[in-house]
Amino acid sequence: MISDRHFFTEKLLEWNRDTNTRSMPWKGEKNPYKIWLSEIILQQTRVEQGWPYYERFIQHYPTVKKLAAAPDEEVFRLWQGLGYYARCKNMLAAARQITNIHEGKFPDQYDQIKALKGIGPYTAAAIASFAFHLPYAVLDGNVFRVLARYFGIDTPIDSTAGKKQFDTLAQELLPKTHSAEYNQSIMDFGAVVCKPQQPSCDDCPLRKKCVAHHQQLISLLPVKTKKLQIKKRYFNYLLLHYGNDIFIRKRTGNDIWQNLHEFILIETPGPSDAATIQSSPTFKTILGNIPFELEGVSAPLKQQLTHQTIHSQFISLSVKQRPDLPDYTLVPRNSLHKYAFPKTITAFLESHHLQLF
DNA sequence: AACACGGGGGC
DNA sequence: GCCCCAGTGTT
């Protein structure tokens, strides 16, 4: 077992030096701010998807102090479309933690790094090893997969026991004086060779001692237990025009699209046509007895999220008398570009050639 | 310990 | 349609 571990680590580093051609904009980066930014953006996000966002953020905010001083709305607008919006909120909070508590200097100890908002065990280990060469092993989707297959571990990776087992193993495998190189190697290896589907076992330098390869377990490892159930939700958006203005609000609470904006929302348990919406009690609460003109109704739009399928339709109305809507703000239609919206809404606006950018 | 959180891409 | 992606915070 011990020799298998030496074999594993040595072959991995050798593969990285001789064969690995994966290039990324932040590879070899030593600036902890840039490493941190890239890691936050890449959480649960493909490199190709996150790359342009990373470059835009670095361009707008070359230092953590610049980011900390930026207006929230401007930052959310830059994050728009990337998903998992709590990351953006936490990133901003962390930037301000660093500026206020650490005087703008990125902390260089694991515990201090992990204490920052939005930084968990993975990101803390990544920053600690890449920026400061501290001996912390990263544990991300790639590492779980590589370890589960090579060592033939069938403990579910989404269980507490599994996390602990893999974490212990990963930490034991880490060559303490080469943490950055090793962490980079195992993640690249998982992404390039030991891929989720159709891994390149024929070219794999580890296959000689890979348990999954020998026992035909490649497609069965790693094991995950949780299966997600997808809820259906029906969003009816009122585009309520008052002169050149329109009503929007910022989404708060624990629901989806935290901190993004939206129009007047009437959520219904099932599909509703525009006529049903207009005669609903909620609609009456919104408009009272104010006369309105129906401008148009969109076709139903569908957006697939990880845990939800959102069916939405947009109902355009105009009023000549201003309704009292304490939760909503009235903004000029041509200033909508200043606010961050979820994909469903930007897609709708673009398809109707409404000014957004 | 279980669950929620976006959007995109591969098959 | 299902799985995965340089995971974290909340309940």
Side-chain angles (χ1 to χ4, degrees), chain A residues 22 24-27 29 34-54 76 79-91 93-94 113-130 136-146 156-164 166-167 170 180 183-192 194-199 219-220 222-231 233 251 253-260 302-310 340-347:
Chain A
R22 195 183 195 205
M24 302 204 290
W26 40 77
K27 200 177 254 192
E29 180 62 58
K34 292 186 177 179
I35 293 171
W36 165 65
L37 193 55
S38 71
E39 295 298 345
I40 300 298
I41 288 176
L42 262 49
Q43 286 169 7
Q44 295 293 288
T45 304
R46 282 178 155 53
V47 172
E48 309 79 58
Q49 188 187 359
W51 189 320
Y53 282 85
Y54 170 79
F76 277 105
W79 194 278
Q80 173 178 285
L82 195 53
Y84 279 2
Y85 297 94
R87 286 185 293 171
C88 183
K89 179 186 169 190
N90 291 331
M91 175 186 73
I113 296 170
K114 190 173 173 302
L116 297 169
K117 288 280 186 193
I119 297 189
Y122 164 76
T123 306
I127 296 171
S129 63
F130 293 146
Y136 292 89
V138 293
L139 198 51
D140 75 335
N142 293 305
V143 180
F144 276 118
R145 186 171 56 254
V146 173
I157 63 171
D158 52 0
S159 67
T160 306
K163 284 191 178 70
K164 192 174 177 186
F166 282 96
D167 186 54
N183 280 337
Q184 188 65 61
S185 302
I186 192 167
M187 289 194 286
D188 282 352
F189 184 80
V192 175
C194 199
K195 298 169 289 186
Q197 278 94 28
Q198 297 180 313
S219 62
L220 300 176
V223 174
K224 275 192 188 178
T225 52
K226 298 181 178 60
K227 47 200 172 286
L228 58 97
Q229 49 185 356
I230 298 171
K231 290 179 295 189
R233 296 177 73 179
R251 287 181 66 88
N254 296 328
D255 206 347
I256 56 171
W257 299 331
Q258 208 181 109
N259 289 291
L260 300 195
K302 195 173 81 165
Q303 188 188 9
Q304 189 62 53
L305 308 183
T306 303
H307 294 82
Q308 306 182 17
T309 306
I310 309 290
F341 291 95
K343 193 77 179 173
T344 301
I345 292 181
T346 56

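Only heavy atoms go into these numbers, but all of them, side chains included; no hydrogens, no water, no symmetry mates. On a predicted model such as this, the values are computed, not experimentally measured, just so you know. In what follows, chains carry the letters A, B, and so on, assigned in the order in which the sequence lines appear, proteins first and then strands, with residues in each chain numbered from 1.
- Here the closest heavy-atom approach between residue A/Phe341 and residue A/Gln80 is recorded as N-OE1, 2.8 Å.
- Side-chain contact, A/Gln303 with A/Lys343: no donor N or O sits under 3.5 Å from an acceptor N or O.
- Taking atom CD1 on A/Ile230 and atom C1' on C/dC3, their separation rounds to 11 Å, with Å as the unit.
- Comparing the P positions of B/dC3 and C/dC3 gives a spacing of 16 Å, expressed to the nearest Å.
- Separation of the P atoms belonging to B/dG6 and C/dT10 is 14 Å when rounded to the nearest angstrom.
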- Item | Step-by-step side chain to side chain donor-acceptor pair (under 3.5 Å) determination, A/Glu39 to A/Tyr122 | CA-CA 9 Å; A/Glu39 295 298 345; A/Tyr122 164 76; 2.8 Å; yes
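- Phosphate proximity of B/dG6 to A/Gln308: absent, as no side-chain N or O sits under 4.0 Å from OP1 or OP2.
- In this structure, A/Arg87 has no salt bridge (charged side-chain N to carboxylate O under 4.0 Å, His left out) partners at least two apart in sequence or on a different chain.
- At the heavy-atom level, A/Gly81 lies under 4.0 Å from the strands shown only through sugar-phosphate atoms.
- Atom P of nucleotide B/dG10 and atom CD of A/Gln198 are separated by 13 Å, given to the nearest angstrom.
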- Query: Dot-bracket for DNA chain B, 5' to 3', counting Watson-Crick or G-U wobble pairs under 3.5 Å, with [ ] for crossing pairs and | for inter-strand pairs?
  - Reply: |||||.|||||
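- What separates CZ of A/Arg87 from P of B/dG7 is a distance of 11 Å, to the nearest Å.
- Nearest heavy-atom pair across A/Lys163 and A/Leu139 is O-CD2, 4.0 Å.
- Partners of A/Asn90 under the side-chain contact (heavy atoms from CB on, under 4.5 Å) rule, at least two apart in sequence or in another chain, are A/Ala86, A/Lys117.
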Below 3.5 Å between N/O atoms, which protein atoms pair up with nucleotides 1-3 of chain B? Just atom names and distances, please.
unit_1: B/dA1; atom_1: OP2; unit_2: A/Thr160; atom_2: OG1; d: 2.2

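- Nearest nucleotide to the side chain of A/Leu305, out of B/dC11, B/dG7, B/dC5: B/dG7.
- At the phosphate of B/dG6, neither OP1 nor OP2 sits under 4.0 Å from any side-chain N or O atom of A/Trp79.
- Looking at A/Trp257 and A/Ile345, their side chains never come closer than 4.5 Å, going by heavy atoms from C-beta outward.
- Using P as the reference atom, C/dA6 and B/dG10 are 13 Å apart when rounded to the nearest Å.
- Comparing A/Gln304 and A/Lys231, the nucleotide of DNA chain B nearest to each residue sits closer to the 5' end for A/Lys231.
- What you find for A/Gln304 and A/Gln308 is that their closest heavy atoms are NE2-O, 3.4 Å.
- Closest heavy-atom contact between A/Gly50 and A/Thr45: N-CG2, 4.1 Å.
- Of all the heavy atoms in A/Ala124 and A/Lys114, the pair that sits closest is CB-CB, 3.8 Å.
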- Heavy-atom protein contacts under 4.0 Å, nucleotides 4-11 of chain C, coded B base, S sugar-phosphate only, - none: BBBBSS-S
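- Residue A/Asp255 is in sugar-phosphate contact alone, with no base atom involved, counting any heavy-atom pair closer than 4.0 Å across all strands shown.
- Annotation for A/Lys164: atom NZ does not count as buried by contact number, only 12 or fewer foreign heavy atoms lying within 6.0 Å.
- For A/Tyr54, the side-chain contact (heavy atoms from CB on, under 4.5 Å) partners are A/Trp26, A/Lys34, A/Leu37, A/Ser38, A/Ile41, A/Ile58, not counting sequence neighbours.
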